[in-house]
2 protein chains.
Amino acid sequence: MSTYGQFCPVARAMDLLDERWTLLVIRELLEGSRHFNELRRGVPRMSTALLTKRLRTLVAAGIVERHEDTSRVVYELTPAGQELRGIVEALGTWGIRWMPELGDEHLDPHLLLWDLHRNLDLDAMPDTRTVLAFHLHDTRPAARDWWVVASDGQVDLCDVDPGWEVTARIEASLETLTRVWVGEIAWEQAVRVGALRTIAAESIRRQVPRWLKLSAFAKVPRPGGGDVLGA
Amino acid sequence: MSTYGQFCPVARAMDLLDERWTLLVIRELLEGSRHFNELRRGVPRMSTALLTKRLRTLVAAGIVERHEDTSRVVYELTPAGQELRGIVEALGTWGIRWMPELGDEHLDPHLLLWDLHRNLDLDAMPDTRTVLAFHLHDTRPAARDWWVVASDGQVDLCDVDPGWEVTARIEASLETLTRVWVGEIAWEQAVRVGALRTIAAESIRRQVPRWLKLSAFAKVPRPGGGDVLGA
DNA sequence: CAGTATCCATTTCGATACTG
DNA sequence: CAGTATCGAAATGGATACTG
């Protein structure tokens, strides 16, 4: 890690934090990932070597602690690391307000489902096993169908059919589902224009949007002033 | 500017902001610098070519506006850029709390005086011309003596004696004055241990610490809990 | 004042394959 | 599961000199 050679605390912080990928790894840790291969799923474009390197740097800086729990390695944020939450949230809030709309280069089915599956509102869902099947019609075959299985307070993500009865099937393009996820368009609006479809028993169908919590940044007010979600 | 290929708003923001130097340029703009060579003084280790490049990127991203005001080029933050203030402040607050103490590699006399001179409390100072002479005894000759001249609501920084009568002379090591500036030690404490000296008429001498406003981050509470400034 | 232009050493990182 | 090892392409950016 190089240094800016400035005493300014902003520069001191950036000495550590502005390296590529660093704050995304921290974001994943804040989201609750604790194991190496769990972190990888949140930053799939990062090579394992680079992830290792960043984790080491963060451990050395006192942001992360590494434990060799019996049989599994665990990474955890220290108090210093926890205190980055406000910065990560502020960055996301700024990003959603001021960065241009999503382009194809930002779309990633695996990442989307990974995010979706860890943000289900279990309290709003039935206590019995619930299976949501997602079909992204415009995506390459291997990334087209996904199953999110909630049971016993646990949520699993599968890219092959786990075989359980499907509670609801959600069909959309990758772009549409991503835009809904980040709050660029409202679920109801996507349904209205035919870009998103839920196939399920009528009573279930109306519940589904409440089961998906959307991105933490989806409801950040946009600079235009108009509330997209209400439109 | 490369992209992380993620729809996550944190990643979107970092696509733009985690490039080296970018947030320091923004910090300078937030501090009020508006001209190219003014910006350079805040990021002296950055080459002109790189500063140009970053400014261009920021203009293209809608963070900065460039005007060719008659005879001078002016850079200004757009509303999107202004909204980064909270992030920069949070980074500085985090940095002062959690980064290790200052090392020699972070000390820079020019940068220190540049910061000092733009953070004088003019309201607390006499209305007449006031000249503060700084002597950093451990610094290379060319960076040892500085004069900060306040008159008519303007403050100028000189590295050669401007000739005016000196109101107060402040002597310290570069390290001491920097530590005082960022709040690692209190002015009074530095005086008590003989690391800092003010030479002026007695009535003036007690005023001087109130004329210098210190870094905006100097009074951030440190994680230890002990308030260094009160110690 | 506000940049351009050029060169090249260094760094970075992605891809790929392998390991206890 | 949690990494290591290696390699080479590409990008980065520092130094230096120059310009309208």
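What you are looking at is a predicted structure, and each value in this text was computed from that prediction instead of being measured. Lettering of chains follows the sequences in order, A, B, ..., and the numbering in each one begins at 1.
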Under the rule for ring-ring contact (aromatic ring centres under 6.0 Å, His included), what residues qualify as partners of [X], not counting sequence neighbours?
| X | value |
| --- | --- |
| W21(B) | Y4(A) |
| W147(B) | none |
| W114(A) | H117(A) |

*With sequence neighbours excluded, tell me which residues meet side chain to side chain contact (heavy atoms under 4.5 Å, CB included) with E83(A).*
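With sequence neighbours excluded, E83(A) shows a side chain to side chain contact (heavy atoms under 4.5 Å, CB included) to W94(B), R97(B), W98(B), given in chain and number order.
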
*Short side-chain to backbone donor-acceptor contact, R54(B) and R20(B), under 3.5 Å*: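 Looks like yes, one N/O pair under 3.5 Å.
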
Identify each atom pair where a protein N or O and an N or O of nucleotides 1-8 of chain D are less than 3.5 Å apart, giving names and distance.
from, atom 1, to, atom 2, distance (Å)
dC1(D), OP2, N37(A), ND2, 3.2
dA2(D), OP1, V73(A), N, 3.2
dA2(D), OP1, V73(A), O, 3.2
dG3(D), OP1, R66(A), NH1, 2.2
dG3(D), OP1, Y75(A), OH, 3.4
dG3(D), OP2, Y75(A), OH, 2.4
dT4(D), OP1, R56(A), NH1, 3.4
dT4(D), OP1, R56(A), NH2, 2.3
dT4(D), OP2, R56(A), NH2, 3.1
dT4(D), O4, T48(A), OG1, 2.9

Table please: side-chain donor-acceptor pairs of residues 99-109 of chain B below 3.5 Å, with sequence neighbours left out.
from, atom 1, to, atom 2, distance (Å)
E101(B), OE1, R179(B), NH1, 3.3
H106(B), ND1, G103(B), N, 3.1
H106(B), NE2, R12(A), NE, 3.4
D108(B), OD1, H110(B), N, 3.0
D108(B), OD1, L111(B), N, 3.1

*asked:* Output the pairing pattern of DNA chain D as a dot-bracket string, 5' first, Watson-Crick or G-U wobble with both distances under 3.5 Å, | for cross-strand pairs, [ ] for crossing pairs.
replied: ||||||||||||||||||||

Starting at [atom1] of [X] and ending at [atom2] of [N], how long is that distance when rounded to a whole Å?
| X | N | atom1 | atom2 | result |
| --- | --- | --- | --- | --- |
| R45(A) | dA15(C) | CZ | C1' | 14 Å |
| L50(A) | dA9(D) | CG | C1' | 16 Å |
| E19(B) | dA11(D) | CD | P | 12 Å |
| D18(A) | dG13(D) | CG | C1' | 14 Å |
| R20(B) | dT11(C) | CZ | P | 12 Å |
| W21(A) | dC13(C) | CH2 | C1' | 11 Å |

*Quick one: is R54(B) getting a side-chain N or O under 4.0 Å of the dG13(D) phosphate, OP1 or OP2?*
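Yes, such a contact exists.
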
*Quick one: list whatever passes salt bridge (Lys or Arg N to Asp or Glu O under 4.0 Å) with E68(A), sequence neighbours left out.*
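Checked E68(A) against salt bridge (Lys or Arg N to Asp or Glu O under 4.0 Å); matches are R66(A).
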
Could you tabulate the donor-acceptor pairs under 3.5 Å formed by side-chain atoms of residues 123-135 of chain B, not counting sequence neighbours?
from, atom 1, to, atom 2, distance (Å)
T130(B), OG1, T128(B), O, 3.1
H135(B), ND1, D145(B), OD1, 2.8

